[in-house]
Number of protein chains: 2
Amino acid sequence: MKLTILGCYSATPRILTNPTSQVLEMRGNMFLIDCGEGTQVQLRKHKIKFSRIKHIFISHLHGDHFFGLVGLVSTFRLLGREADLHIYGPKGIKEIITLQMKLADSWTNYNLIFHELTSNDSELIYEDDKVEVYTIPLEHRVYTNGFLFKEKEGNRKLDINAVEEANIDVAYYRKLTQGFDVVNENGETIKNEDVTKDAVKPKSYAFCSDTMYKEDIVPLIENVDVLYHESTFLETQSHLAPKTKHSTAKEAASIAKKANAGTLLLGHYSTRYKDVNCFKEEAKEVFQAVELTQDGKVFEF
Amino acid sequence: MKLTILGCYSATPRILTNPTSQVLEMRGNMFLIDCGEGTQVQLRKHKIKFSRIKHIFISHLHGDHFFGLVGLVSTFRLLGREADLHIYGPKGIKEIITLQMKLADSWTNYNLIFHELTSNDSELIYEDDKVEVYTIPLEHRVYTNGFLFKEKEGNRKLDINAVEEANIDVAYYRKLTQGFDVVNENGETIKNEDVTKDAVKPKSYAFCSDTMYKEDIVPLIENVDVLYHESTFLETQSHLAPKTKHSTAKEAASIAKKANAGTLLLGHYSTRYKDVNCFKEEAKEVFQAVELTQDGKVFEF
C-alpha cells in the first residue's frame, strides 16, 4: 500500500503548496482521491502514469478538492485515452463536467462513467477481487464523503520447499493457496497448514476530509491501518472549527485513538500556519503514531 | 503598455509550461486575458495583485483558455474581495461558473458581472475614459473572439517652462491640455501649440488566439502596435492547421504584415516542438519584427 500526497493544503493553490489530491496504490489499483487545481501537473511531477488511473474519488464539490478534475478529464482525451474512467462523487459532478465538455464541443473518446453519491449511510461503491471501497459520510458545509479502501483477505502463500517435499502435483497449487487440503502423488492427504503460510494481512486506508469532528465515523474505520484525517486548525483556533465545519489536530487525533487506527496522517492545513510541526505536536498529546503529510511525500505501509 | 505572459503553450498544463493567460497593463487597468488552469499561481509568481484585476476576457471555452477561471473567482471570494469583477466571454460561461458556485454553496460576496458574447461582428465591449476594448471575431472549432485593446487619444502635455513664461493662470492649464487657446494675465491670446506638446501616441494591442488563418481580421487590427497571434504549428505541420483550426507561424506573420502591425508576438505553441526558436525563424521570412512569448516574459511597449 503506497500513498503519494500530491497536495495537502486547504483553500487555494499557491506557489509552493497544492490543494487536496492523493494517489493510493493498492493491490495493483491506482486510486486518485480528490483533484484540486494543478493535480495533473503534480501527477506529472511525481511520474504517475495517467493511464494507470481508472477510478477517481471526489469527497465534495468545494474547489480545493475538485477544480482540477475537468482539466484532467480533458487531458486524458487529448492524450488519446481509450480506457474507461470511473468518477465517484457527489450528485452534480456529472453536470459540471459534461456542461464544460458540451460547451467546448469536446467529448471524450473514452467512456466516462459517473457514480453519483447521495446516501448519508456508508455504502460499498467499488469492488474487485482484491479491494473494496466504502464511503464514510462526513459532516461539512456541503455533502461530503470520506472513503475507506480495504484490501480483501488474500490467498495463502505456498511454502515452496514444503510443497515439493510433500510431492504435490503442480496442478493442486491453486487449491492450496485457496486453503484446501490436497492428495499428493502417493495418495496421501496433505494438510493445508503444513505446506502453506498465512496470507499477507490485508491493509486498509481511510481518507476523511473535509469534516468537523464526527464521532460516529469511528465504527466505520475501526482498526484501520492508516487514517488520513483533516486538521485544518490547531486548538488555538478551535472556535473556527465548528463554524467552518473543519477539525483541529487534536480532534483528528481523538478520532484516531477511538478508532484504534495504526497511523494517523494529518493534512488540509490552513495556510495561516507557517510551521506545520505544531499540528504533529498537538495530535501527539492524544495519539502517538502521527505523521504529517506534505506535498510530494510518499508513504509506504 | 506592459504585457506579462503567464502562459503561452497549447493544450495542457505541464511542469514547465502553462496554458494561455496574459496580463495587459494599459493606462492603469490590469486586464486578464484568458485563464488556463494554474493562472492564479502564475499571478502569484509574478506578483500581480489580485485586487487590481477587475476585467477578465475569455477568448473561448476550450479548457486551456479558461479552466483556471472558476478557481480564480473562488480564490477572490476566499480573500474577501469586495470590488466588482467583470467577465467577458462566450455564452455559457456564466452557467459554468454559477453552477459550480451553486453546488459548492459558495456564492461570491462581490459582484460577479458576466458579459456574454454571441456576435460574429466586432463590437465594443468595454470603455472607460482612457481605453476601449473591441472583440475580434476569430475562426476556431468553437465560438471564439480575440480582443483589441486601444488607448484613447490622451490630453496634450503642458510645456511647463513655456506656460510659465507666457504668464498663464493655473486655472487655464486644464483647458490647455484639452487643446484650447487661452488668454494670459496680460490679456494676450496664447496659441495652444506654443505652450503644449503632442499627447503621447495612443497604443494598441490585439490578442488573437485561437484561430486558423483568417484574413478578414486584418481591417480590424490595421496598424496595431502589438499583435499576439497564435502559432500552434510550423509550416512542416501546416496540414494540421486547418483541420484543428489553428495557425502556423508563417500564417501569423502574414496577418501581421497585411495589418502593418508594429510587433508580432508568437505563442500557443504545440508542445510537440522542443525548440520554439524555429517559430521565430519561420515568421521572420515574412515579417521582421517578431518576438517569441515565453511563460513569465514581460514586454513593455
Side-chain angles (χ1 to χ4, degrees), chain A residues 10-19 36-47 50 60-79 89-106 140-144 244-245 270-271, chain B residues 10-19 35-47 50 60-79 89-106 140-144 245 270-271:
Chain A
S10 68
T12 68
R14 287 165 177 255
I15 297 172
L16 297 175
T17 62
N18 293 276
E37 183 173 350
T39 294
Q40 61 177 301
V41 173
Q42 287 291 89
L43 286 168
R44 284 188 193 272
K45 270 190 193 155
H46 299 289
K47 299 193 174 16
F50 287 1
H60 66 298
L61 297 181
H62 280 162
D64 55 335
H65 294 256
F66 93 102
F67 280 166
L69 180 63
V70 66
L72 188 62
V73 164
S74 163
T75 292
F76 284 166
R77 182 184 63 80
L78 290 166
L79 297 177
K91 190 166 169 55
I93 198 166
K94 181 176 177 177
E95 188 183 356
I96 290 173
I97 302 298
T98 52
L99 173 65
Q100 292 180 83
M101 293 198 295
K102 186 183 83 175
L103 287 167
D105 195 16
S106 300
H140 192 44
R141 301 195 302 279
V142 291
Y143 176 74
T144 304
T244 59
K245 298 205 175 176
S270 162
T271 48
Chain B
S10 68
T12 67
R14 288 165 176 254
I15 298 172
L16 298 174
T17 62
N18 292 277
C35 191
E37 183 174 349
T39 294
Q40 61 177 305
V41 174
Q42 286 292 89
L43 286 168
R44 285 187 193 271
K45 270 191 193 154
H46 298 291
K47 298 189 175 20
F50 286 2
H60 65 298
L61 297 182
H62 280 161
D64 55 335
H65 294 255
F66 93 102
F67 279 166
L69 180 62
V70 67
L72 189 60
V73 164
S74 162
T75 293
F76 284 166
R77 181 183 64 79
L78 290 166
L79 296 177
K91 190 167 168 53
I93 198 167
K94 182 178 176 176
E95 188 183 355
I96 291 172
I97 303 297
T98 51
L99 173 65
Q100 291 180 84
M101 291 196 296
K102 186 184 83 176
L103 288 166
D105 194 16
S106 301
H140 192 44
R141 301 195 302 279
V142 291
Y143 176 75
T144 305
K245 298 209 175 174
S270 162
T271 47

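Labels below follow one simple rule: chain letters A, B, ... track the order of the sequence lines, proteins then strands, and each chain is numbered from 1.
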Q) Once you round to the nearest 0.5 Å, how far does OG of A:S74 lie from NE2 of B:H62? A)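 It comes to 9.0 Å.
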Q. When rounded to the nearest 0.5 angstrom, what distance separates NE2 in A:H60 from CG in B:D105?
A. 11.5 Å
Chain A heavy atoms under 4.5 Å from [X]: which part of the residue, side chain, backbone, both or neither?
X      : value
B:Q42  : neither
B:L103 : both
B:V142 : side chain
B:T39  : backbone
B:T75  : both
B:F66  : side chain

Q: Check each atom of A:K102 against the heavy atoms of chain B and say whether the ones under 4.5 Å are side chain, backbone, both or neither.
A: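 Answer is neither: A:K102 stays 4.5 Å or more from chain B.
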Q: Could you pull out the closest heavy-atom pair between B:G38 and A:E37, with the gap in Å?
A: N-OE2, 2.7 Å
Q) Of the listed residues (A:T12, A:L61, A:D64, A:I15), which shares the most heavy-atom pairs with chain B below a 4.5 Å separation? A) A:I15
